[in-house]
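FYI, side chains are in, hydrogens and waters are out, and symmetry mates aren't considered; it's all heavy atoms of this structure. The chains referred to below are lettered A, B, ... by the order of the sequence lines, with proteins before strands, and numbering in each begins at 1.
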Protein chains: 2
Amino acid sequence: MSGMAVGRRAGSYVCGVDAAMDVIGGKWKVLILWALSERPHRFGELRRAVPGVTEKVLAAHLRELEADGIVHRREYEEVPPRVEYSLTPRGVALNEALEPLGAWGKANVLGQAPEPVA
Amino acid sequence: MSGMAVGRRAGSYVCGVDAAMDVIGGKWKVLILWALSERPHRFGELRRAVPGVTEKVLAAHLRELEADGIVHRREYEEVPPRVEYSLTPRGVALNEALEPLGAWGKANVLGQAPEPVA
DNA sequence: CGGTATCCCTGTCGATACTG
DNA sequence: CAGTATCGACAGGGATACCG
């Protein structure tokens, strides 16, 4: 269950939706967004909030989200290293734009068989 | 950068959004939905409407979307084979739920650099 | 704590050829 | 026209180990 695609067509998009898919097209990105929408998280917190993700992939996704202007990375210069990730205004807007999709998924994928369309 | 993932966790979802991502997580699925939202398409029409997709992948995506209750496949028993794909009510609802995301992508990914958050 | 470096597995996707 | 069958390529993602 890996090796999807979508990824980084960098400008050759047909519509806004597939452009957005490029941003949230990682396996754990929406889960990261969801966690950060509640409150800022530290790296270790995120790892626990997104069960199953590895450090490598989590770090890679965070870097991409940061590059896309979705998450903000704040590094505290303290003795025990501490980094906090939070949503940028753009990230907040993305999350809000994702809400109808979440409602659809909740109603049409979760909690029922794939058949009952009505 | 290709090879997304997400794929078929079949029930172990954390929220509605990642459940929905499982349905639209193919490389060309949102483009297929977008084309079908305008009007029903035949197989060959879809191939032209979704530039770059191969027959194999297009057929596979259509089968998955059909299994998920998103598209309806109507086969006409005619001399020149003819099949028409259209959106089910659930597919129409999915498209509507995708609209805010499309607007976000249009405003935040298309038409500008990744920086200008404001 | 917060990562990075390696290696490998996997699935998805792509190209071509062929069938009803 | 509308697919299916094979084959192979590719890149993301997982596991583990290690560093500042």
Side-chain angles (χ1 to χ4, degrees), chain A residues 1-10 12 18 21-32 35-36 40-67 71-86, chain B residues 1-10 12 18 21-32 35-36 40-67 71-86:
Chain A
M1 199 173 298
S2 257
M4 187 198 282
V6 176
R8 313 282 131 172
R9 262 172 281 178
S12 52
D18 73 324
M21 288 299 298
D22 214 10
V23 173
I24 59 174
K27 189 172 186 179
W28 313 95
K29 290 206 179 156
V30 298
L31 265 23
I32 295 172
L36 293 183
H41 281 65
R42 301 179 59 173
F43 188 86
E45 288 179 320
L46 273 178
R47 199 161 40 144
R48 274 169 258 125
V50 184
V53 71
T54 60
E55 297 94 335
K56 170 195 170 183
V57 174
L58 178 56
H61 281 184
L62 285 171
R63 260 183 273 119
E64 288 188 12
L65 290 170
E66 191 188 0
V71 311
H72 174 67
R73 181 198 145 110
R74 176 162 187 192
E75 191 166 348
Y76 296 83
E77 291 296 345
E78 298 178 1
V79 188
R82 178 177 163 207
V83 179
E84 270 198 356
Y85 294 91
S86 57
Chain B
M1 201 175 281
S2 258
M4 186 201 279
V6 177
R8 311 282 130 174
R9 259 172 282 180
S12 53
D18 72 324
M21 287 301 296
D22 215 10
V23 173
I24 59 173
K27 189 172 185 179
W28 314 96
K29 288 204 180 159
V30 299
L31 264 24
I32 295 172
L36 292 183
H41 280 65
R42 302 181 58 176
F43 188 86
E45 286 179 321
L46 273 178
R47 201 164 36 148
R48 272 169 260 125
V50 183
V53 71
T54 61
E55 297 96 333
K56 170 193 170 183
V57 175
L58 178 57
H61 281 183
L62 285 171
R63 261 182 272 122
E64 289 188 13
L65 290 170
E66 191 188 0
V71 310
H72 174 68
R73 182 199 143 110
R74 176 162 187 191
E75 190 166 349
Y76 295 84
E77 292 296 344
E78 297 178 1
V79 189
R82 179 177 163 208
V83 179
E84 268 198 358
Y85 294 91
S86 57

A.B. asks: With a 4.5 Å heavy-atom cut-off, do A:K27 and A:V57 have their side chains touching?
C.D. replies: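 A side-chain contact is absent here, since even the closest heavy-atom pair is not under 4.5 Å.
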
A.B. asks: From the options C:dG3, C:dG14, D:dG3, select the nucleotide whose nearest atom is closest to the side chain of B:T54.
C.D. replies: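 Taking heavy atoms from C-beta onward, the closest nucleotide is C:dG14.
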
A.B. asks: What is the distance, to the nearest angstrom, from the CD atom on B:E66 to the P atom on D:dG3?
C.D. replies: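 It works out to 10 Å between those atoms.
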
A.B. asks: At a heavy-atom distance below 4.0 Å, what parts of residues 75-84 of chain A sit against DNA chain D?
C.D. replies: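 Going residue by residue through residues 75-84 of chain A, the ones with a heavy atom under 4.0 Å of DNA chain D turn out to be A:P81.
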
A.B. asks: Please report the closest heavy-atom contact between A:A35 and A:L46, naming both atoms and the distance.
C.D. replies: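 Minimum heavy-atom separation between A:A35 and A:L46: CB-CD2, 4.0 Å.
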
A.B. asks: Can you tell me how far P of C:dC1 sits from CG of A:L58, to the nearest Å?
C.D. replies: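 Atom CG in A:L58 sits about 14 Å away from atom P in C:dC1.
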
A.B. asks: Counting just side-chain N and O atoms, does A:H61 come under 4.0 Å of either OP1 or OP2 of D:dG12?
C.D. replies: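 Checking A:H61 against D:dG12: no side-chain N or O falls below 4.0 Å of OP1 or OP2.
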
A.B. asks: Can you name the salt bridge (charged side-chain N to carboxylate O under 4.0 Å, His left out) partners of B:R48, sequence neighbours left out?
C.D. replies: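 Partners of B:R48 under the salt bridge (charged side-chain N to carboxylate O under 4.0 Å, His left out) test: none.
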
A.B. asks: With the side chain counted from C-beta on, respond yes when A:K29 and A:E64 share a heavy-atom pair under 4.5 Å apart, and no when they do not.
C.D. replies: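 Yes, close enough: below the 4.5 Å cut-off.
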
A.B. asks: Report the distance from atom NE2 of A:H61 to atom CD of A:E66, rounding to the nearest 0.5 Å.
C.D. replies: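 Answer rounded to 0.5 Å: 14.5 Å.
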
A.B. asks: When you get a sec, tell me which of C:dT16, D:dT16, D:dG13 is the closest nucleotide to the side chain of B:E55?
C.D. replies: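 Within the option list, the nearest is C:dT16.
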
A.B. asks: I would like to know whether A:Y85 and A:I32 meet side-chain contact (heavy atoms from CB on, under 4.5 Å); could you show each step before the answer?
C.D. replies: CA-CA 10 Å; A:Y85 294 91; A:I32 295 172; over 6 Å; no

A.B. asks: What is the separation between atom CZ on B:R73 and atom C1' on D:dA2, rounded to the nearest whole Å?
C.D. replies: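 That distance rounds to 8 Å.
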
A.B. asks: For the pair made of NZ in A:K27 and P in C:dC9, what is the distance, rounded to whole Å?
C.D. replies: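 After rounding, the gap between these two atoms is 17 Å.
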
A.B. asks: What are the two closest heavy atoms between B:H41 and B:E45, and how far apart are they?
C.D. replies: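 Shortest heavy-atom contact: CA-OE1, 3.2 Å.
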
A.B. asks: Provide, to the nearest angstrom, the distance between the NZ atom belonging to A:K56 and the C1' atom belonging to D:dG12.
C.D. replies: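 Taking NZ of A:K56 and C1' of D:dG12, I get 8 Å after rounding.
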
A.B. asks: Quick check: do A:L58 and A:W28 have side-chain heavy atoms less than 4.5 Å from each other?
C.D. replies: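 Sidechains of A:W28 and A:L58: no contact.
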
A.B. asks: Within the pair B:R42 and D:dC1, is there a side-chain N or O less than 4.0 Å away from OP1 or OP2?
C.D. replies: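 Answer is no, no contact under 4.0 Å.
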
A.B. asks: Quick one: on DNA chain D, does B:R63 or A:V53 contact a more 5' nucleotide (nearest heavy atom)?
C.D. replies: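 The 5'-side residue here is B:R63.
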
A.B. asks: Nearest-Å distance, CD (A:E45) to C1' (C:dC1)?
C.D. replies: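 One finds 12 Å between C1' of C:dC1 and CD of A:E45, rounded.
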
A.B. asks: Could you tell me the separation between the CZ atom of B:F43 and the C1' atom of C:dG20, rounded to a whole number of Å?
C.D. replies: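 It works out to 14 Å between those atoms.
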
A.B. asks: For B:L62 and D:dT4, give me the distance from atom CG to atom C1', rounded to whole Å.
C.D. replies: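 That distance rounds to 14 Å.
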
A.B. asks: Taking the side chain as every heavy atom from C-beta outward, state whether A:I24 and B:M21 have any atom pair closer than 4.5 Å.
C.D. replies: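 Counting from C-beta outward, A:I24 and B:M21 do come under 4.5 Å.
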
A.B. asks: Taking the minimum atom-to-atom distance to the side chain of A:W28, which one of C:dG14, C:dT4, D:dG14 wins?
C.D. replies: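 Nearest to the side chain of A:W28 among the choices is D:dG14.
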
A.B. asks: What does the inter-axis angle of the helix from C:dC1-D:dG20 to C:dG20-D:dC1 come out as, five pairs per end, nearest 10 degrees?
C.D. replies: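 Nearest ten degrees gives 50° for this helix.
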
